[in-house]
*Asks:* 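Starting off with a structure, shown below.
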Number of protein chains: 2
Amino acid sequence: MNISGAAKAAGLPVKTVRYYADIGLVTPSARTQAGYRDYDDVALRKLSFVGRARALGFPIAQCRELLGLYQDAGRSSAEVKEIALERLEDIRAKQRKLQKLHDELAHLVGACKGDARPDCPIIDYLS
Amino acid sequence: MNISGAAKAAGLPVKTVRYYADIGLVTPSARTQAGYRDYDDVALRKLSFVGRARALGFPIAQCRELLGLYQDAGRSSAEVKEIALERLEDIRAKQRKLQKLHDELAHLVGACKGDARPDCPIIDYLS
DNA sequence: GTTTGACCTTCCCTCTACTGGAAGGTTTAT
DNA sequence: ATAAACCTTCCAGTAGAGGGAAGGTCAAAC
């Protein structure tokens, strides 16, 4: 299957699939005589796997680890869980940070009249 | 005041202050004969202003707008509020997205035993 | 008076994870 | 035969800096 077919099957943009090949994350199974990337079933499944991992927000480096475990029959679920927990903690840290920003900004916005006069608690806070 | 003094006063890294000068966000008030950036009180206040806006997560473009309003005696608080509301909606969108990721990943992690066996609902989900 | 160390400057590379586009080759359909 | 629709590589850009090299400057110590 050529790159556009593979991209469609994995639900990814062609550019992204090419990028994954470039960085050695998911390489095509072969090249045609003309140099076209060729994806077989195994490569396709890896592409979809990475697509879903990325959709969960795993960075490329963790996708690489997960892909390694995916192909490793001798893996332990503990290894997988560890990576997922790392990512989960990452998400929670981001959530805490966003919550703080949200509360602070919401407070300021609530205090700002939003009228034609220049007086503004938001500007005051930043000053 | 030279760049390291200005950076310290604004609580920003020197590299960041130089970067803000490069992109024309906060330019030094002058240069010494030797070419050193020189920051006066006004420039210092702008630096601090931007530092606080960035800490609230405003992107550079919005910092630029806010800085413009900060210096504009004829501003209306409505203009400021509009920018802040934009940013707030941005934060809320990110929160919603993170919440979805969190719930999905937490569910998977909860279902994974994390033992020595290879069976793993996380891998299953990604496959 | 010079030397040392701490500054400062510009310039270019690196990071994440792509995205866009140009120039040019290939395949397929008409 | 040719036009459309593919494909290729390469280069540049995104946000917001951070790292580091090569070289100029300045203040204090010796």
Side-chain angles (χ1 to χ4, degrees), chain A residues 1-39 43 46-47 49-67 86-87 90-91 93-94 97-98 101, chain B residues 1-39 43 46-47 49-67 86-87 90-91 93-94 97-98 101:
Chain A
M1 183 171 283
N2 69 10
I3 199 170
S4 65
K8 207 158 294 176
L12 293 170
V14 168
K15 277 272 188 184
T16 300
V17 175
R18 206 173 275 131
Y19 173 67
Y20 290 166
D22 284 350
I23 63 173
L25 180 59
V26 180
T27 51
S29 45
R31 292 275 188 155
T32 69
Q33 216 156 12
Y36 287 20
R37 289 175 185 80
D38 195 20
Y39 293 83
K46 287 191 210 169
L47 266 187
F49 182 97
V50 169
R52 277 186 285 263
R54 289 289 301 130
L56 280 181
F58 285 99
I60 298 286
Q62 286 189 331
C63 288
R64 220 180 275 272
E65 296 181 46
L66 287 171
L67 205 47
E86 235 178 88
R87 171 75 189 127
D90 203 57
I91 289 175
K94 285 207 175 91
K97 194 173 164 193
L98 270 186
L101 293 186
Chain B
M1 181 169 284
N2 67 14
I3 198 169
S4 63
K8 208 159 293 174
L12 293 170
V14 168
K15 276 271 187 186
T16 299
V17 176
R18 205 173 276 132
Y19 173 67
Y20 290 166
D22 283 350
I23 64 173
L25 180 59
V26 179
T27 51
S29 45
R31 292 277 187 154
T32 69
Q33 216 156 13
Y36 288 20
R37 289 174 186 80
D38 195 20
Y39 292 83
K46 287 191 211 169
L47 265 188
F49 183 96
V50 169
R52 277 184 284 263
R54 290 287 302 133
L56 279 182
F58 285 99
I60 297 288
Q62 287 189 331
C63 289
R64 219 180 275 271
E65 295 180 45
L66 287 170
L67 206 48
E86 234 178 89
R87 170 75 189 129
D90 203 57
I91 289 176
K94 284 205 176 92
K97 195 172 163 194
L98 270 185
L101 291 187

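All chains are named by letter (A, B, ...) in the order of the sequence lines, taking the proteins before the strands, and each is independently numbered beginning at 1.
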*Asks:* Quick one: closest heavy-atom pair of B:L12 and B:G51, and the distance?
*Replies:* CD2-CA, 4.2 Å

*Asks:* Pull out every residue in residues 50-63 of chain B that has a heavy atom closer than 4.0 Å to any atom of DNA chain C, ordered by number, or say none.
*Replies:* none

*Asks:* So, using side chain to side chain contact (heavy atoms under 4.5 Å, CB included) as the criterion, who are the partners of A:R52 when residues are at least two apart?
*Replies:* A:S48, B:L126

*Asks:* Which residues pass the side-chain hydrogen bond (donor to acceptor under 3.5 Å, both in side chains) test with B:Q62, sequence neighbours left out?
*Replies:* B:E86

*Asks:* In a table with atom names and distances, give each donor-acceptor pair under 3.5 Å that connects a side chain of residues 16-29 of chain A to protein atoms at least two apart or in another chain.
*Replies:*
residue : atom : partner : partner atom : Å
A:S29   : OG   : A:D38   : O            : 2.9
A:S29   : OG   : A:D40   : N            : 2.9

*Asks:* Going by side-chain hydrogen bond (donor to acceptor under 3.5 Å, both in side chains), name the residues that satisfy it together with A:R87, two or more places apart in sequence or in a different chain.
*Replies:* A:D90

*Asks:* Could you list the residues that satisfy side chain to side chain contact (heavy atoms under 4.5 Å, CB included) with A:K8, not counting sequence neighbours?
*Replies:* none

*Asks:* Determine the minimum heavy-atom distance between A:L67 and A:V50, stating which atoms define it.
*Replies:* CD2-CG2, 3.8 Å

*Asks:* Please list, chain by chain and in numerical order, all residues satisfying side chain to side chain contact (heavy atoms under 4.5 Å, CB included) with A:K97, sequence neighbours excluded.
*Replies:* none

*Asks:* In residues 4-18 of chain B, what residues come within less than 4.0 Å of DNA chain D, judged by heavy atoms?
*Replies:* B:P13, B:K15, B:T16

*Asks:* Out of curiosity, B:I91 CD1 to B:L98 CG, how far, rounded to the nearest 0.5 Å?
*Replies:* 12.0 Å

*Asks:* Taking all non-hydrogen atoms of both residues into account, name the closest pair between B:R54 and B:C63 and its distance.
*Replies:* CD-SG, 3.7 Å

*Asks:* Minimum heavy-atom separation for B:S4 and B:V14, please, with both atom names.
*Replies:* CA-CG2, 3.9 Å

*Asks:* Of all nucleotides in DNA chain D with an atom under 4.0 Å from a non-hydrogen atom of chain B, which is the first and which the last going 5' to 3'?
*Replies:* D:dG16 to D:dC26

*Asks:* Can you sort out the partners of B:A34 under side chain to side chain contact (heavy atoms under 4.5 Å, CB included), two or more places apart, ordered by chain and number?
*Replies:* B:T32, B:Y36

*Asks:* Could you list by number each residue of residues 19-38 of chain A showing a heavy-atom separation from DNA chain D of less than 4.0 Å, or answer none if no residue does?
*Replies:* A:R31, A:G35, A:Y36, A:R37

*Asks:* Rounding to 10°, can you tell me the angle the first-five-pair axis of the helix from C:dG1-D:dC30 to C:dT30-D:dA1 makes with its last-five-pair axis?
*Replies:* 30°

